[in-house]
A.B. asks: 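Take a look at this one; I'll ask things after.
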Protein chains: 2
Amino acid sequence: MYLMAEPAAQTVALAESLKSLGLTKYEALVYIALLQASEATATEIHEISGVPRASVYPVLERLSQKQLVSVSNTSPRRFNPERPDDAIESLLSSVEHDAARAKTTLNRIYSQSVRRARGDQELIWSIHGGDHIRLRLLEMLQAADENVRIIFYWDHLKGELVERLLSLKKEVKIDIITDGWSGPVPGQINVLVKAPPMEIQKEPVTNWQAGCVFIVDKKKAMVVMGSKDEGFTALYSESVGFVRFFTMYWNFFLNWG
Amino acid sequence: MYLMAEPAAQTVALAESLKSLGLTKYEALVYIALLQASEATATEIHEISGVPRASVYPVLERLSQKQLVSVSNTSPRRFNPERPDDAIESLLSSVEHDAARAKTTLNRIYSQSVRRARGDQELIWSIHGGDHIRLRLLEMLQAADENVRIIFYWDHLKGELVERLLSLKKEVKIDIITDGWSGPVPGQINVLVKAPPMEIQKEPVTNWQAGCVFIVDKKKAMVVMGSKDEGFTALYSESVGFVRFFTMYWNFFLNWG
DNA sequence: TAAATGTTGTTATCATAATAACAACAAGTG
DNA sequence: CACTTGTTGTTATTATGATAACAACATTTA
C-alpha cells in the first residue's frame, strides 16, 4: 500500500531521456533502481523505485526482453542490470537501425515522387527553428552562382556562415553588411560594417538576436528573424516580388547613414 | 468523411520505424504523404495519407515544431517536407543527445551504488537474447586468466568467438570441443572435433541451433541454449556447484565415443 | 503439529493520459 | 451562393499507470 514515492528531480529528467530511447516511465524507474541495488528482488526494486510491486514484474519482464536485465533462477528471483554503457548502446543501436531503414525507404519514396514543376518559385515558406534554418540557409548559399548579398545581425552562426561563404566558387561576388568583423577580410568578400538603424536598435521589448537577409543570385531570398527566447523564424522564397522587396531593403541599408 | 484508407504495407512498416524516432502514427503518415506530394495543401495531405482532415492541422503543426516541414504563407497554406536525409538525421541526433545524457547519469548512479559483496557467486543468472548473451560471453572470456573450456555447437558467432579467444593472454590454455573446424588451429588452442552424441542429435522437435558450454578458470560457467525460432537463453553462474556440474558435462563430452 | 503471519508471484480490475477519429461550425474564397 | 479551409469540441481507442485480491509457499509462534 505504497504511494508512488516522489523520485529525485534528477531521476525524472533521466526518465525523460530514457523515454526517447523507447522505455516507459516504469521501465526507466525500475532500471535506475536496479542500478542502485544490483541483484535486488522484486520487492526491493519496488521499494527503491516507488513502482507498485505488482507492476514491477511485467516491467522486469519487458526489460528482460529488451536485454537490459538478467534474472536469477532462485526463489525469490533476483535481477541484475546490464551495465549502463552496454544498455544504452543496445537501445540506441536499435533506434539507429530503424533510422537507417526509414531513411532508405523515405528516400525511395521521395525520389519517386513527382516533384512539382513550378517548385518553390511562387510561394513564401516559413521555416521554424534554428537548426532547420541553418540547414536551409547553408543549402541555399551552397547553390550560389553569381552573387550573394547579406545583411547580417546574428551573433550566432557567424563562424559557420563565413566558412561556407569561403567555400564558394571564386566568381561569386559577396557583399555583407554587418555590425562588426573580426580578422582579415578575404578578397572575394566585400564587408561593410554598419550599426543597425535606430528604428531597429531601440526595440527594447523583444530581445532581438537575429535580423538577417540573404539574397542569392537576385533570385532567392531568405530572411531570418527572432530571438533566443521566442525561437527563430525564417522566410524563404524565390518569388520575384519577395526578392525585389528585400533587395530594396538591402539597398536601403547599404545607403543609410 | 473518409474512413482511414488502409496504407500500403510498406508504409505501415515505415511508420513503425519512425515511431521509434519519436513520431506518432499520424506524424509519420503525414510526413510520408508530404514526400509523395510536396507543396500539398492540408486537404491533399489528408487524401493521400488517409489521416482525418481535422487531424492534419495539429499534426503538421507538430511536424513544423520538429523541423520536418515548412509552411507557406499562402491561403490555403501549403506544406513542404524537409528532405529525408536531413529529417532523419535531425530526429536521430536528438535521440543520440538524450542517449549520451542518460549514459553519463546512469553511469554515475551505477558507480555510486554499493555493489553487493558476494557478487554473482552464488546465483544462477538467466540471460535472454542473442546480443545480450554475446556481450556477456565475450566479457567473461576476456577476463580469462588460466584456462578456457568450451563445448561449442552454435553456427552463429563462431568467427567473433575465435577472434576473441586469440586476443587472450598466451598463458591461457584453451580447449574446444566442437563439430567442425575450418582453417589452421593456433598453437594456443586445442581443438577436438566431435559430432554431438545421439541423444542430442536426434532431438527432432526443437530445431536446436545452439548448445554450448563455456567454463573459465574453473570458476565461472556459461551455458547457451535455444534456437533461432524460440530465441536463445543462457545461464551464467560462478557458483561452485554449477561449475562442477558443467565441468562433469565437459568431461563426459571429452571422453565420449 | 496447527494456526498465524508474512512473502512472492500472478491475475484481474480500474484510472489516466495520449493518441486517433469524427462531427460540427465559422471564416474565407471564388 | 457553393465550396473549401481552418478551427473547435467531443467521442473512441489504446497504452500505460495504479490498485486490489489471491493462491502458493515459507516462516514464525503457540
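So that the names make sense, note that chain A is the first sequence line, chain B the second, and so on, each numbered from 1.
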A.B. asks: Among dT7(D), dT8(C), dT19(D), which nucleotide sits nearest the side chain of Tyr57(B)?
C.D. replies: dT7(D)
A.B. asks: To the side chain of Pro52(A), which of dT19(D), dA21(C), dT8(C) is closest?
C.D. replies: dT19(D)
A.B. asks: Would you indicate what Arg53(B) reaches in the nucleic acid, counting non-hydrogen atoms under 4.0 angstrom: base, sugar-phosphate, or nothing?
C.D. replies: base
A.B. asks: Check whether any side-chain N or O of Thr41(B) sits under 4.0 Å from OP1 or OP2 of dT4(D), and answer yes or no.
C.D. replies: no
A.B. asks: Start with the C-alpha distance between Glu139(A) and Arg83(B), add both sets of side-chain angles, then the distance that settles salt bridge (charged side-chain N to carboxylate O under 4.0 Å, His left out), and finish with yes or no.
C.D. replies: CA-CA 12 Å; Glu139(A) 200 174 279; Arg83(B) 284 205 313 269; 3.1 Å; yes
A.B. asks: If you only use heavy atoms from C-beta on, which nucleotide in dT8(D), dG9(C), dA21(C) is closest to the side chain of Ala42(A)?
C.D. replies: dG9(C)
A.B. asks: Across the strands shown, which category fits Ser55(A) at heavy-atom distances under 4.0 angstrom: base, sugar-phosphate, nothing?
C.D. replies: base
A.B. asks: So, Ser72(B) and Arg77(B): side-chain donor and acceptor under 3.5 Å apart, yes or no?
C.D. replies: no
A.B. asks: Rounded to whole angstroms, how far apart are NZ on Lys25(A) and C1' on dA15(D)?
C.D. replies: 14 Å
A.B. asks: Which distance, rounded to the nearest 0.5 Å, do you find between the CZ of Phe242(A) and the CG of Leu123(A)?
C.D. replies: 11.5 Å
A.B. asks: Go through dG9(C), dT7(D), dA20(C) for me and flag the one nearest to the Pro76(A) side chain.
C.D. replies: dG9(C)
A.B. asks: Between P on dT16(D) and CD on Glu16(A), what's the gap in Å once rounded to a whole number?
C.D. replies: 15 Å
A.B. asks: Quick one: Lys19(B) NZ to dA15(D) C1', roughly how many Å, whole number?
C.D. replies: 10 Å
A.B. asks: Please give, in whole Å, the distance from dT19(D) P to His46(A) NE2?
C.D. replies: 10 Å
A.B. asks: Could you state the atom-to-atom distance from CG of Leu60(A) to P of dT16(D) in whole Å?
C.D. replies: 16 Å
A.B. asks: Whole Å only: how far is the CG atom of Leu29(B) from the C1' atom of dA21(C)?
C.D. replies: 13 Å
A.B. asks: Among dG9(C), dA21(C), dT7(D), which nucleotide sits nearest the side chain of Tyr26(B)?
C.D. replies: dA21(C)
A.B. asks: Please state how far atom CD in Glu44(B) lies from atom P in dT5(D), giving the value in whole angstrom units.
C.D. replies: 8 Å
A.B. asks: Does the plane of the ring in Phe252(A) sit parallel, tilted or perpendicular to the ring in Tyr249(A)? Use 30° and 60° as the thresholds.
C.D. replies: tilted
A.B. asks: If you assign each of Phe79(B) and Ala54(A) to its closest nucleotide in DNA chain D, which residue comes earlier from the 5' end?
C.D. replies: Phe79(B)
A.B. asks: Could you walk me through whether Arg62(A) and Glu27(A) pass the salt bridge (charged side-chain N to carboxylate O under 4.0 Å, His left out) check?
C.D. replies: CA-CA 8 Å; Arg62(A) 277 180 279 162; Glu27(A) 287 167 354; 3.1 Å; yes
A.B. asks: Calculate the interatomic distance between Arg62(A) atom CZ and dT16(D) atom C1'; express it in whole Å.
C.D. replies: 8 Å
